[in-house]
Amino acid sequence: MTQNPTLTRRPISQTAKVLSLTPRGKNLYQLTLKLATLGPFADPGLFARLRSWGPAPAAYPLLDRPFSIHRYRPNQGELDFLIRPVGLGTNLLTQCRLGDPIQLLGPLGQGLGNLIPDYKNRPFYLVAGGVGLAPMANLIDQSKGPNHLFYGEREGQSLIDKAYLTSFAPNFTAVSEDGLGYGEKGLVTQSLKAALERERRTIFACGPQGLLAALAPLARSYGVNCYVAAEAYMACGLGVCLSCGHYLVDGSRIRLCQDGPVVDGLLMDWEKS
Ligand SMILES: Cc1cc2nc3c(=O)[nH]c(=O)nc-3n(C[C@H](O)[C@H](O)[C@H](O)COP(=O)(O)OP(=O)(O)OC[C@H]3O[C@@H](n4cnc5c(N)ncnc54)[C@H](O)[C@@H]3O)c2cc1C
Ligand code: FES
């Protein structure tokens with residue numbers, strides 16, 4: 001049992017410039033970059049590695065960090081990322097000023113189009129946990145739909161700005177575990193299950209591993225496909241260091257940075273990583 005053969009796509013290394021940095025909720029930012037070179041960034045789930053040099057480059061000998069492509073506007077040469085600061089690299093990126101240079105390497109990995117070439121014409125249930133919302137916008141922007149997004153945060157106060165969410169995802173159900181903010185109280189899996197009872201659709205999901213693991217039995221029980229953009233610690237992002245290895249149910253091991261991040265969630269061994 002294998003994934004589709006890996007597509008060869010040469011990532012572009014370039015210095016992009018910060019066009020805007022917009023707060024989109026508590027501890028959440030939309031970073032818009034002006035690209036020096038356009039590339040094949042559109043396939044949902046692809047990612048890029050970003051590095052901000054910060055105010056004093058020599059003081060920050062940082063590795064670059066992986067981020068999903070959030071939105072791509074090739075006609076304007078603009079690429080968006082949705083970033084939640086959690087440590088030094090993400091904090092530097094979300095503190096940069098307009099015009100600052102950002103080192104970008106991408107696109108990297110395999111997107112949904114590698115597994116479903118006609119994804120733009122398919123109806124999906126999109127499932128996002130936390131900042132796993134980022135690649136969903138890329139799919140919705142391109143898709144002829146109909147799609148419905150199930151989006152959850154642990155804390156309702158961390159939900160993305162509602163007006164911004166509505167601007168790219170007109171059909172959504174937002175939930176949180178504490179029921180605060182604009183979402184309903186609950187889990188995305190509960191909302192998804194209710195929708196699957198009414199209509200079966202292919203699932204595309206991104207979020208914490210616990211969520212992705214919970215989707216596999218749900219998808220199996222309703223007989224639908226489930227594709228996921230899986231996250232892992234990625235040191236190199238280039239298939240070299242093996243830090244992103246993950247087992248499949250047949251016992252073989254894939255590198256999520258090269259063979260994913262978009263993979264068939266039903267082929268993944270979620271017990272073993
Ligand atoms: C394919 C992929 C897509 C991602 N997309 C997004 C996105 O769209 N938006 C977003 O906000 N975040 C995204 N992330 C997570 C983001 O890469 C990490 O939050 C970031 O690397 C943390 O770097 P830091 O220097 O701020 O934190 P650190 O101080 O290095 O670490 C803080 C936390 O982040 C984890 N972490 C550190 N480096 C990595 C790494 N290279 N890969 C994964 N986890 C790491 C650490 O284990 C730790 O728990 C994505 C990760 C992957 C693998
Ligand atoms: S991150 Fe180094 S091999 Fe995947």
Side-chain angles (χ1 to χ4, degrees), residues 3 6 9 11 21-33 41 43-54 59-72 79-96 102-112 114 126 128-139 151 153-154 158-160 164-165 168 204-212 227-247 253-263 265 268 273:
Q3 287 284 129
T6 298
R9 186 191 304 102
L21 182 65
T22 314
R24 291 299 188 191
K26 189 181 161 198
N27 210 28
L28 196 58
Y29 296 84
Q30 179 188 10
L31 173 67
T32 300
L33 301 181
F41 291 102
D43 195 350
L46 293 179
F47 68 102
R49 297 186 68 91
L50 300 182
R51 179 187 166 155
S52 161
W53 293 96
Y60 296 113
L62 261 187
L63 284 176
D64 49 11
R65 299 293 194 230
F67 298 95
S68 303
I69 308 299
H70 178 44
R71 307 184 85 173
Y72 183 34
L79 196 58
D80 289 350
F81 296 88
L82 193 64
I83 300 183
R84 176 158 280 160
V86 293
L88 182 56
T90 43
N91 271 301
L92 285 175
L93 282 165
T94 53
Q95 286 165 15
C96 49
I102 301 285
Q103 199 57 39
L104 183 151
L105 178 68
L108 292 164
Q110 306 298 324
L112 185 62
N114 188 41
L126 307 173
V131 79
L133 183 62
M136 300 302 154
N138 201 5
L139 191 151
Y151 160 52
E153 290 278 0
R154 188 158 289 147
S158 299
L159 288 164
I160 197 167
Y164 179 59
L165 179 62
F168 68 81
F204 177 52
C206 185
Q209 186 154 321
L211 168 63
L212 304 187
Y227 300 97
V228 303
E231 273 196 24
Y233 180 80
M234 291 185 184
C236 76
L238 298 167
V240 180
C241 72
L242 306 183
S243 66
C244 64
H246 204 293
Y247 283 99
R253 202 160 156 82
I254 56 168
R255 292 161 303 173
L256 281 172
C257 71
Q258 289 274 292
D259 308 314
V262 178
V263 292
M268 298 285 276
S273 61

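Order of appearance sets the numbers: ligands from 1, and atoms from 1 within every ligand.
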*Out of curiosity, is F67 lining ligand 1, as in a heavy atom under 4.0 Å away?*
yes
*Does any N/O atom on G87 come nearer than 3.5 Å to any N/O atom on ligand 1?*
yes
_Judged on heavy-atom distance to atom 33 (C) of ligand 1, which of L50, N27, V86 sits nearest?_
V86
*What residue among L104, L21, V131 forms side chain to side chain contact (heavy atoms under 4.5 Å, CB included) with F81?*
L104
_Show me which atoms of ligand 1 lie under 4.0 Å from any heavy atom of A134._
8 (O)
*Do side-chain atoms of D259 reach the backbone of I254 as a donor and acceptor pair under 3.5 angstrom?*
no
*Residue pair S52 / I102: nearest heavy atoms and the distance that separates them*: CB-CD1, 3.9 Å
*Any idea which heavy atoms bring V262 and P44 closest together, and the distance?*
CG2-O, 3.7 Å
*How wide is the angle at atom 2 (Fe) of ligand 2 between SG in C236 and SG in C241, to the nearest 10°?*
100°
*asked:* Suppose you place the vertex at atom 4 (Fe) of ligand 2; what is the angle out to C257 SG and C244 SG, to 10°?
replied: 100°
*Measuring from S68:OG to D80:CG, what's the distance to the nearest 0.5 Å?*
13.0 Å
*Going by distance only, is there an N or O of F47 that falls short of 3.5 Å from an N or O of ligand 1?*
no
*Mind checking whether R84 has an N or O less than 3.5 Å away from an N or O of ligand 1?*
yes
*What pair of heavy atoms forms the shortest contact from Q110 to Q258, and how long is it?*
CG-O, 3.1 Å
*When the ring centroid of F204 is compared with that of Y227, is the distance short of 6.0 Å?*
no
*Just which atoms of ligand 2 are under 4.0 Å from any heavy atom in A235?*
1 (S)
*Any chance you could lay out the salt bridge (charged side-chain N to carboxylate O under 4.0 Å, His left out) test for R49 and D64, step after step, and finish with the verdict?*
CA-CA 6 Å; R49 297 186 68 91; D64 49 11; 2.7 Å; yes
*Check whether any side-chain N or O of R65 sits under 3.5 Å from a backbone N or O of L50 as a donor-acceptor pair, and report yes or no.*
no
*asked:* Please report whether the ring centroid of F47 lies less than 6.0 Å from that of H70.
replied: no
*Taking both backbone and side-chain atoms of T90, is any N or O found less than 3.5 Å from an N or O belonging to ligand 1?*
yes
*Please could you name the atoms of ligand 1 that L82 approaches to less than 4.0 Å, counting only its heavy atoms?*
7 (C), 8 (O), 9 (N), 10 (C), 11 (O)
*Closest contact, heavy atoms only, L31 versus C96*: CD1-SG, 4.1 Å
_Atoms of ligand 2 close to M234 [distance to a heavy atom under 4.0 angstrom, numbered from 1]_ = 1 (S)
_Heteroatom distance test (S68, ligand 1): nitrogen or oxygen, under 3.5 angstrom_ = yes
*Given R49, E231, R51, which one has a non-hydrogen atom that is nearest to atom 51 (C) of ligand 1?*
E231
*Of the protein's non-hydrogen atoms, which lies at the shortest distance from atom 3 (S) of ligand 2, and what is that distance?*
L242 N, 3.1 Å
*Are any of the N or O atoms of P261 closer than 3.5 Å to those of ligand 1?*
no
*What atoms in ligand 1 come closer than 4.0 Å to a heavy atom of A232?*
42 (N), 43 (C), 53 (C)
_Element-labelled atoms of ligand 1 that are located less than 4.0 Å from some non-hydrogen atom of I83_ = 11 (O)
*asked:* Tell me the contacting part of L256 for ligand 2: side chain, backbone, both, or neither, using a 4.0 Å heavy-atom threshold, strictly below.
replied: neither
*Drop me the distance from N138's CG to L112's CG, to the nearest 0.5 angstrom.*
10.0 Å
*Starting from atom 1 (S) of ligand 2, locate the nearest protein heavy atom and write down its residue, its atom name and how far away it is, to 0.1 Å.*
G237 N, 3.1 Å
_If I apply the N/O under 3.5 Å rule, does M234 come out as touching ligand 1?_
yes
*Tell me yes or no: between the side chains of E153 and Y151, is some donor less than 3.5 Å from an acceptor?*
yes
